[in-house]
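Everything on this sheet refers to the single structure shown next.
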Amino acid sequence: MPELPEVEVTRRSVVKNITGARIESLRLGKPLRWPLGIDPLELAGQTVLGVRRRGKYLLVDLDDGLLLLHLGMSGSLAFWPTRTNPPPPPGPHDHFDLWTDRGLLRLHDPRRFGAAVWARHEQDPVAEKLLGHLGVEPLGPDFKPDAFHAGLKTRSAPIKQVLLAGELVVGVGNIYASETLFLAGIRPSTRAQKISRPRADRLFAAIIQVLNLAVEQGGSTLRNFSNAQGEAGHFQVHAHVYGRAGEPCRVCATPIRWLLQGQRSSYFCPKCQKP
DNA sequence: CTATGGACCTGAATGC
DNA sequence: TGCATTCAGGTCCATA
């Protein structure tokens, strides 16, 4: 479910509830992708200073250290203010329940590809391992067309896989990779280094446009997504190509094609998108 | 260093 | 209806 827009929407709905909250206890369910790295008892008494996002990671800043949360493929966060809306008991897929004096922050993740990891600082080796190699934030001030094009020039892999790798720019997942490449008129199989400056600029603009729109619309990754209040995304962004193999292109009516790249599905219009 | 495939895990959808 | 197979929004890691 979660690509950058969903994670950002989650962050926004969580941050206002939990900033300033005092941690009372932590209940863990089944193991997530990595061990937490701290005794849950040591978190009690700490205050949540804020929630930031880096790529698809959420960084929950505490008095002493931070929690790195990742939603993996199937994760979602929910917050229950204790008074107004008491939380149900944990279900079989609720693997991380952070109780605070303002309510419960719960990570629900059926597939358990997600993570909750504690790090002393952002420079802690544990955090560095997860965040250190990440590329620039596409919605931040450091995402610039010059550097983006220069980065593409250094990669011989297909552009779709360069986007997914997140080393040049973070946050573009499997759905939005296909969608941004459609808007830019570039086939997923095109080698990154072969993309001309004008086409790199189109892709650059498409990434910002698509991700921004999706954030504005409440994290509309085309399927079931709800924010931490349980409000559904708006689903107004309908896919141009993703998941539409065989169906007519919305622009030119040519059948959309499917392609497997690095074990992931890609979709493109053979007429609108050039090699 | 890059490129590739495998691994992690569960549930929903599809096919016989 | 039942059971097997396929696929799913991520990303780290071992291997070549």
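If you're wondering where the values come from, they're calculated on a predicted model, not measured in any experiment. Sequence lines set the chain letters: A, B, ... in the order given, protein chains first and strands last, and positions in each chain run from 1.
For the OP1/OP2 pair of C/dG10 and a distance below 4.0 Å, the side-chain nitrogens and oxygens of A/Tyr57 include no atom meeting the criterion. Close to B/dT10, at under 4.0 Å from its OP1 or OP2, lies a side-chain N or O of A/Lys30. Of the side-chain N and O atoms in A/Arg264, one or more sit less than 4.0 angstrom from OP1 or OP2 of C/dG9. Residue A/Ser74 has no polar side-chain atom (N or O) positioned under 4.0 Å from OP1 or OP2 of C/dA8.
The 5' end of DNA chain C is approached more closely, in terms of each residue's nearest nucleotide, by A/Gln263 than by the other of A/Gln263 and A/His133. Each of A/Pro110 and A/Arg155 was assigned the nucleotide of DNA chain B with the nearest heavy atom; the assignment lying further toward the 5' end belongs to A/Arg155.
On the P atoms, C/dG9 is 15 Å away from B/dT14, given to the nearest whole Å. Separating the P atom of C/dC7 from that of B/dG5 is a span of 16 Å, rounded to the nearest Å.
Checking C/dA8, C/dT11, B/dT10 against every side-chain atom of A/Met73, the shortest atom distance belongs to C/dA8. Checking C/dT11, B/dT10, C/dG9 against the side-chain heavy atoms of A/Arg112 singles out B/dT10 as nearest. In this structure, of C/dC13, C/dA8, C/dG10, it is C/dG10 that holds the atom nearest to the side chain of A/His70. If you check C/dG9, B/dT4, B/dC9 against the side chain of A/Arg111, the one that comes closest is B/dC9. Nearest nucleotide to the side chain of A/Ser156, out of C/dC13, C/dT11, B/dA3: B/dA3. Set against C/dA8, C/dC13, C/dG9, the side chain of A/Asn174 has C/dG9 as its closest nucleotide. Nearest to the side chain of A/Trp34, among B/dT10, C/dC12, C/dG9, sits C/dC12.
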Task: A/Arg106 and A/Asp97: CA distance, side-chain angles, deciding distance, salt bridge (charged side-chain N to carboxylate O under 4.0 Å, His left out) verdict - done: CA-CA 5 Å; A/Arg106 169 171 285 169; A/Asp97 277 2; 2.8 Å; yes
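Rounded to whole angstrom, the span from the CG atom of A/Leu134 across to the P atom of C/dG10 amounts to 14 Å. The separation between A/Leu71 atom CG and B/dC8 atom C1' is 17 Å, rounded to whole Å. In this entry the distance linking CG of A/Leu164 with C1' of C/dT11 reads 10 Å, nearest Å. Rounded to an integer number of Å, the gap from A/Ile159 CD1 to B/dA3 P is 12 Å. The separation between A/Lys56 atom NZ and C/dT11 atom C1' is 9 Å, rounded to whole Å. Taking atom CG of A/Leu260 as the reference point, atom C1' of C/dA8 lies 13 Å away to the nearest angstrom. Regarding A/Glu167, its CD atom lies at a distance of 9 Å from the P atom of C/dC12, rounded to whole Å. The distance from atom NZ of A/Lys160 to atom P of C/dT11 is 13 Å, rounded to the nearest whole Å.
Of all non-hydrogen atoms in A/Cys272 and A/Cys249, the two that sit nearest each other are SG-SG, 3.7 Å.
For the side-chain hydrogen bond (donor to acceptor under 3.5 Å, both in side chains) with A/Ser266, the lone residue among A/Arg257, A/Lys160, A/Gln161 that qualifies is A/Lys160.
Take A/Asp94 and apply the side chain to side chain donor-acceptor pair (under 3.5 Å) test, not counting sequence neighbours, and it matches A/His108.
Annotation: A/His133, atom NE2; neighbour count of heavy atoms from other residues, nucleotides and ligands within 6.0 Å is above 12.
Within the structure, ring-ring contact (aromatic ring centres under 6.0 Å, His included) contacts touching residues 185-214 of chain A (residues at least two apart or in different chains) are A/Phe143-A/Phe204.
In the hydrophobic cluster analysis, where Ile, Leu, Val, Met, Phe, Trp and Tyr join through side-chain heavy atoms closer than 4.5 angstrom, A/Leu67 is grouped apart from A/Val117. Neither A/Phe268 nor A/Val172 shares a network with the other; the hydrophobic side chains, linked directly or stepwise wherever heavy atoms of I, L, V, M, F, W or Y lie under 4.5 Å apart, form separate groups for each.
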- [ ] Convert the base pairs of DNA chain B into dot-bracket notation, remembering that pairs crossing earlier ones are written with [ ] and that bases paired across to another strand are shown as |; include only Watson-Crick or G-U pairs under 3.5 Å.
- [x] .|||||||.|||||||
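We find that A/Glu122 and A/Arg54 are not joined by a salt bridge, their nearest charged nitrogen and carboxylate oxygen being 4.0 Å or further apart.
Judged by centroid separation below 5.5 Å and plane tilt below 30°, A/Phe113 stacks onto the base of B/dC8.
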